[in-house]
K.L.:
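First the structure, which I've put down as structure tokens, then a few questions once you've had a look.
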Amino acid sequence: MKNMIQNLNIILEKVRDVRKKYQDLKQRNQELEVRFSDLKVEADIYKLEIINLKKELEGKTESTKHSMLSNTNNSSDELLEKLKLEQNSKNSRLQLQLDEFIEDIDQCIQIIQSKE
């Protein structure tokens, strides 16, 4: 009988330990959900900034293109091509940064989903 009581006490202690760990995990999960929500908002802000930057850059490219097209000499054509290449390079870098940011967010989503 004494051995049975000891076993029950051990089981009770383990159950309490498991329950405490569950509560800790539940609290951590809630913290991660809040952080994930913050990251979603931040990602949306970055997406809007990138869209605005793209529009601004396209507008600058168009205005540059129109002003450069008025000159018909070869140097202006070369300069226009150089500007186009620079603009494409900038756009590519922005797109790469956006893709990396989205990939980081996807990894966060996967981590949170795997914890659930």
K.L.:
Give, for atom CG of Leu83 and atom CG of Asn88, the distance between the pair rounded to the nearest 0.5 Å.
P.N.:
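That separation rounds to 11.0 Å.
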K.L.:
Membership question, hydrophobic clusters at under 4.5 Å side-chain separation (ILVMFWY): are Ile105 and Leu32 in the same one?
P.N.:
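Yes, one cluster joins them.
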K.L.:
When rounded to the nearest 0.5 angstrom, what is the spacing between CG in Leu96 and CD in Glu103?
P.N.:
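If I round to the nearest 0.5 Å, the distance is 10.0 Å.
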K.L.:
How long is the gap from CD1 on Ile51 to CD on Glu49, to the nearest 0.5 Å?
P.N.:
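Interatomic distance, Ile51 CD1 to Glu49 CD, rounded to 0.5 Å: 11.0 Å.
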K.L.:
Between Gln95 and Asn91, is the side-chain hydrogen bond (donor to acceptor under 3.5 Å, both in side chains) condition met? List the steps.
P.N.:
CA-CA 6 Å; Gln95 186 64 43; Asn91 288 346; over 6 Å; no
K.L.:
Is there a donor-acceptor pair under 3.5 Å between the side chain of Ser37 and the backbone N or O of Glu33?
P.N.:
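No; judged by distance alone, with no hydrogens or angles, the pair does not exist.
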K.L.:
Is there a donor-acceptor pair closer than 3.5 Å between any side-chain N or O of Ser114 and the backbone N or O of Gln110?
P.N.:
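Checking the backbone N and O of Gln110 against the side chain of Ser114, a donor-acceptor pair under 3.5 Å is found.
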K.L.:
Is any side-chain heavy atom of Ile109 closer than 4.5 Å to a side-chain heavy atom of Leu39?
P.N.:
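When only atoms from C-beta onward are counted, Leu39 and Ile109 do not touch, as no gap falls below 4.5 Å.
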K.L.:
Would you say that Glu13 contacts Asp17 through its side chain, given a criterion of any heavy-atom pair below 4.5 Å between the two side chains?
P.N.:
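They are not in side-chain contact.
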K.L.:
What's the spacing between Gln87 CD and Leu57 CG if we round to 0.5 Å?
P.N.:
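Rounded to the nearest 0.5 Å, the CD-CG separation comes to 4.5 Å.
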K.L.:
Is there a side-chain contact between Ile102 and Lys47 (heavy atoms, below 4.5 Å)?
P.N.:
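They are in contact (side-chain heavy atoms under 4.5 Å apart), so the answer is yes.
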K.L.:
Could you tell me which non-hydrogen atom of Phe36 sits nearest to which non-hydrogen atom of Ile112, and how far apart they are?
P.N.:
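Looking at all heavy atoms of both residues, the shortest contact is CB-CD1, 3.1 Å.
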K.L.:
I want to check something: taking the side chain as every heavy atom from C-beta on, are Asn29 and Lys26 in contact at a cut-off of under 4.5 Å?
P.N.:
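A side-chain contact is absent here, since even the closest heavy-atom pair is not under 4.5 Å.
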K.L.:
Could you state the interatomic distance from CE (Met1) to CG (Asn3), rounded to the nearest 0.5 Å?
P.N.:
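Atom-to-atom, Met1:CE and Asn3:CG are 11.5 Å apart.
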K.L.:
Taking only Lys NZ, Arg NE, NH1 and NH2, and the carboxylate oxygens of Asp or Glu, determine whether Lys20 and Asp24 approach each other closer than 4.0 Å.
P.N.:
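Result for this pair is yes, salt bridge flagged.
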K.L.:
Test side-chain contact (heavy atoms from CB on, under 4.5 Å) on Val18 and Lys21 and set out the steps.
P.N.:
CA-CA 5 Å; Val18 168; Lys21 288 181 180 180; 5.7 Å; no
K.L.:
Can you tell me how far NZ of Lys55 sits from CG of Asn52, rounded to the nearest 0.5 angstrom?
P.N.:
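Between atom CG of Asn52 and atom NZ of Lys55 there are 6.5 Å.
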K.L.:
So that I can tick it off, tell me whether Arg28 and Glu31 are bridged by a salt bridge, with the cut-off set at under 4.0 angstrom between side-chain N and carboxylate O.
P.N.:
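Between Arg28 and Glu31 there is a salt bridge, with a charged N closer than 4.0 Å to a carboxylate O.
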